[in-house]
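Worksheet: the structure to be examined is printed underneath.
We number each residue from 1, following the sequence as shown.
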Amino acid sequence: QMQLVESGGGLVQPGGSLRLSCAASGNRYSINIMGWFRQAPGKQRELVAIITSDGKINYRDSVKGRSTISRDYAENTVYLQMNSLKTEDTAVYYCYADLGWYEPGVQHWGQGTQVTVSS
């Protein structure tokens with residue numbers, strides 16, 4: 001039973017910064033893709049950033065240049081550093097992971113952490 005636990009969310013003023021963390025545990029095999037999605041009220045869940053086991057990274061355009069995803073493979077943890085936050089970044093942020101070939105098509109999700117950008 002793989003578990004993903006997020007931390008680091010909270011209330012921040014526009015222009016501020018947050019660093020989200022997601023620690024995985026209980027996975028028998030190495031994680032393939034790990035990353036972050038977000039969902040605002042009334043909107044679809046959308047990709048923020050992902051990083052593969054090969055180190056390939058993909059950001060959505062609206063966060064590119066002000067966000068950095070990183071991964072500590074030894075600690076089974078992924079981070080998302082977000083700077084210059086905007087009110088449009090307000091959402092529940094969900095950690096994502098999958099095991100690739102070892103578990104085709106299976107998606108693992110964290111419980112979500114609220115990020116609120118407001119003055």
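Under the 3.5 Å distance criterion, the side-chain polar atoms of E6 are matched with a main-chain donor or acceptor of Q111. Checked by atom type and distance alone, the side chain of R66 pairs as donor or acceptor with a backbone atom of S84 at under 3.5 Å. At distances below 3.5 Å, not a single donor-acceptor pair connects side-chain atoms of Y29 with backbone N or O atoms of E103. Side-chain atoms of R60 come within 3.5 Å of backbone atoms of L47 as a donor-acceptor pair (strictly under, hydrogens ignored). Using modelled atom types, no side-chain atom of T87 and backbone atom of V117 make a donor-acceptor pair closer than 3.5 Å.
Residue C95 comes nearest to V78 through the heavy atom pair SG-CG1, 4.0 Å, listed as atom of the first residue, atom of the second, then distance. The minimum heavy-atom distance linking A49 with Y59 is given by the pair CB-CD2, 3.5 Å. Contact record, R71 with N32: NH1-O, 2.8 Å, taken as the closest heavy-atom pair. Between N27 and M2, the shortest heavy-atom distance links the atoms CB-SD, 3.2 Å. Heavy atoms only, all atoms of each residue included: A91 and R38 are closest at CB-CB, 3.9 Å. The two residues A24 and M34 make their nearest non-hydrogen contact at CB-CE, 3.8 Å.
Applying the salt bridge (charged side-chain N to carboxylate O under 4.0 Å, His left out) rule to D61 yields the partners K64; only residues at least two apart in sequence or on another chain are considered. For the side chain to side chain contact (heavy atoms under 4.5 Å, CB included) test, residues two or more places apart in sequence or in another chain that qualify with Q107 are Y96, W109.
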Just do the side chain to side chain contact (heavy atoms under 4.5 Å, CB included) check on M82 and W36 with the steps written out, would you? CA-CA 12 Å; M82 300 188 292; W36 297 91; over 6 Å; no
Test side chain to side chain contact (heavy atoms under 4.5 Å, CB included) on I31 and Y73 and set out the steps. CA-CA 9 Å; I31 295 172; Y73 294 90; over 6 Å; no
Walk me through it: do I33 and T52 pass the test side chain to side chain contact (heavy atoms under 4.5 Å, CB included)? CA-CA 4 Å; I33 295 175; T52 71; 4.0 Å; yes
Between D72 and Y79, is the side chain to side chain contact (heavy atoms under 4.5 Å, CB included) condition met? List the steps. CA-CA 8 Å; D72 187 328; Y79 304 93; 4.2 Å; yes
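Within the 4.5 Å cutoff, the side chain of Q114 has heavy atoms near those of the T90 side chain. Using a 4.5 Å heavy-atom threshold, the side chains of L80 and V63 count as separate. Between S17 and V12, every side-chain heavy-atom pair lies at or beyond the 4.5 Å cut-off.
Atom CG of L11 is separated from atom OG of S119 by 9.5 Å, given to the nearest 0.5 angstrom. Taking NE2 of H108 as the start and CG of D98 as the end, the distance is 7.5 Å to the nearest 0.5 Å. In this structure, OG1 on T68 lies 7.0 Å from CG on N83, to the nearest 0.5 angstrom. Atoms OG and CG, from S67 and L18 in turn, are 10.5 Å apart once rounded to the nearest 0.5 Å. Summarising the geometry, atom CG belonging to L20 is positioned 8.5 Å from atom CD belonging to Q81; distances are rounded to the nearest 0.5 Å.
When L4, T113, V5 are each tested for a side chain to side chain contact (heavy atoms under 4.5 Å, CB included) with C22, only one passes: L4.
For residues 8-24, there are no salt bridge (Lys or Arg N to Asp or Glu O under 4.0 Å) pairs, not counting sequence neighbours.
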